[in-house]
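All remarks here apply to the structure that follows.
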Amino acid sequence: MGRNNHALMTGLFLVALITATAIVIYWMGHFERERDLYVISTRQSVSGLNPESTVFFRGIAVGKVRKILFDPKDFGTILVPIEVDKDITLTKGVYATLRLKGVTGLTQIELQDDGKIREVLPPGNNPMTRIPLVPSLTDKLMLKGEDLLTKAEQIMGRLNSLLNDENEKHIGDILSNFNALTAKLADLQVSVDKALAGVPALSADAQKTLMHVNALTADLQHLTNNVQKLSNKAENLADTGKTTGDLLLQTTLPKINDLLSELQSTTTQVKRVATMLENNPQSLLLGPAEPEPGPGEPGYKEPK
């Protein structure tokens, strides 16, 4: 019995020593490390996240996950309380994402801050100060993976439709046409080379043509000068005609009008004399007959 009691006492002592050692190590590990409590809120899955998972802030380990639980007021929301070193200042623009840990399938918390909000986020479990958990790039790719596969399947189907037997025959015909076109382009290149060989002679002819054009331009310039002189003379003649017309209207025409008036008066008098001679020719010798006396004059006779 003594040996059994001694062994029991030894075992209890070892258990107590190991427990005390673990407590001391844990205490020393957390000695002088004060941490603030923050709560991450999300409605998406947190697969691979476990208590004691490391919390990173911009790639630096700053804390750990305390536990994972459902929101008692809303079971669709998952709450993840985390401990963050007290010397780390978080702003209200901070957000969290899940970060894969190697190939183990475990995830960690990654805190990010875009720096647009300067206001400090107070610690605590206040619903107004909870940190949102947003999908990471991997999560977005996984969520859209089904859509990507569907689109890839549609693309493959269209490629299969495009590469059917009939279209393959058309593609073969197109390649044959390209070969024929390439041969024609080679012939065209030869023709172009020949044409380029005649370019110097053509340039000489063009130079001669330009010389004739220059001479023609000089002749046209001379003709233009003559036309300009003729135009000036015509303008002077027009001015002279205008002056002559003004003189004719202001001096000659009034005199002609007076002469015509006198001629008309004379014509009237001649016509009157001719009428008198026609009616009484003897008046040319005897003079005009005296008019018969009127009533009250001497020699007046009343008609019977």
Side-chain angles (χ1 to χ4, degrees), residues 1-115 117 119-140 142-143:
M1 294 296 294
R3 290 182 178 179
N4 292 335
N5 291 334
H6 180 72
L8 179 60
M9 294 298 294
T10 302
L12 292 175
F13 176 75
L14 288 175
V15 170
L17 179 61
I18 292 172
T19 303
T21 302
I23 292 173
V24 170
I25 291 174
Y26 179 82
W27 178 77
M28 291 181 65
H30 292 76
F31 183 70
E32 294 183 354
R33 178 177 292 181
E34 296 183 3
R35 290 179 171 175
D36 292 326
L37 176 67
Y38 296 92
V39 178
I40 297 174
S41 174
T42 181
R43 300 185 70 87
Q44 67 182 23
S45 175
V46 290
S47 300
L49 187 65
N50 296 315
E52 301 297 326
S53 294
T54 306
V55 176
F56 292 87
F57 181 61
R58 295 182 179 177
I60 301 175
V62 295
K64 64 178 182 179
V65 176
R66 290 187 60 182
K67 55 184 177 180
I68 303 171
L69 69 157
F70 289 100
D71 188 352
K73 296 181 180 180
D74 182 7
F75 283 96
T77 302
I78 298 175
L79 302 180
V80 183
I82 59 173
E83 292 179 352
V84 178
D85 293 343
K86 201 174 186 64
D87 56 348
I88 301 298
T89 302
L90 301 180
T91 66
K92 290 187 177 181
V94 70
Y95 60 92
T97 59
L98 294 180
R99 170 181 175 182
L100 285 174
K101 183 180 180 181
V103 294
T104 61
L106 299 178
T107 56
Q108 299 169 331
I109 297 294
E110 176 75 26
L111 299 178
Q112 297 288 342
D113 191 349
D114 53 13
I117 302 177
E119 188 177 354
V120 177
L121 178 69
N125 191 15
N126 187 347
M128 300 300 295
T129 60
R130 290 175 180 175
I131 299 174
L133 180 67
V134 300
S136 62
L137 179 60
T138 305
D139 295 333
K140 292 179 180 178
M142 292 179 65
L143 290 174

Between Glu110 and Gln112, is there a side-chain donor-acceptor contact under 3.5 Å, judged purely by atom types and distance?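 On atom types as modelled, these side chains qualify, holding a pair under 3.5 Å.
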Asp74: what forms a salt bridge (Lys or Arg N to Asp or Glu O under 4.0 Å) with it, not counting sequence neighbours?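 Per chain and number, Asp74 pairs via salt bridge (Lys or Arg N to Asp or Glu O under 4.0 Å) with Arg43.
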When you measure from the side chain of Asp85 to the backbone N and O of Asp87, does any donor-acceptor pair fall under 3.5 Å?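 Side chain of Asp85 to backbone of Asp87, a donor-acceptor pair under 3.5 Å: no, none is there.
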For the backbone of Leu49 and the side chain of Ser53, can you confirm whether one donor and one acceptor N or O come within less than 3.5 Å of each other?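 No: the side chain of Ser53 does not pair with the backbone of Leu49.
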Arg35 side chain near Val62 side chain, heavy-atom distance below 4.5 Å: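 Not touching, per the 4.5 Å side-chain cut-off.
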Answer whether the closest heavy-atom distance between the side chains of Pro123 and Val84 falls below 4.5 Å.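 SC-SC contact between Pro123 and Val84 ruled out.
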For [X] and [Y], which heavy atoms make the closest approach, and how far apart are they?
| X | Y | result |
| --- | --- | --- |
| Ala96 | Ile40 | CB-CD1, 3.8 Å |
| Gly124 | Thr129 | O-OG1, 4.1 Å |
| Leu79 | Arg130 | CD2-NH1, 3.5 Å |
| Val94 | Pro132 | O-CD, 3.8 Å |
| Asp114 | Tyr95 | N-CE2, 4.4 Å |
| Leu90 | Phe57 | CD2-CE1, 3.8 Å |

Does Phe56 have Arg99 sitting over its ring (NZ/CZ under 6.0 Å from centre, angle to axis within 45°)?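 Relative to the ring axis of Phe56, which defines the angle, Arg99 lies inside both limits.
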Separation between [atom1] of [X] and [atom2] of [Y], rounded to the nearest 0.5 Å:
| X | Y | atom1 | atom2 | value |
| --- | --- | --- | --- | --- |
| Leu133 | Leu111 | CG | CG | 10.0 Å |
| Ile82 | Ile109 | CD1 | CD1 | 6.5 Å |
| Tyr38 | Asn126 | OH | CG | 12.5 Å |
| Asn50 | Thr107 | CG | OG1 | 7.0 Å |
| Thr89 | Asp36 | OG1 | CG | 9.0 Å |
| Thr19 | Ile23 | OG1 | CD1 | 6.5 Å |

For a side-chain contact (heavy atoms from CB on, under 4.5 Å) check, start with the C-alpha distance between Gln44 and Ile78, then their side-chain angles and the critical distance, and finish with the verdict. CA-CA 8 Å; Gln44 67 182 23; Ile78 298 175; over 6 Å; no
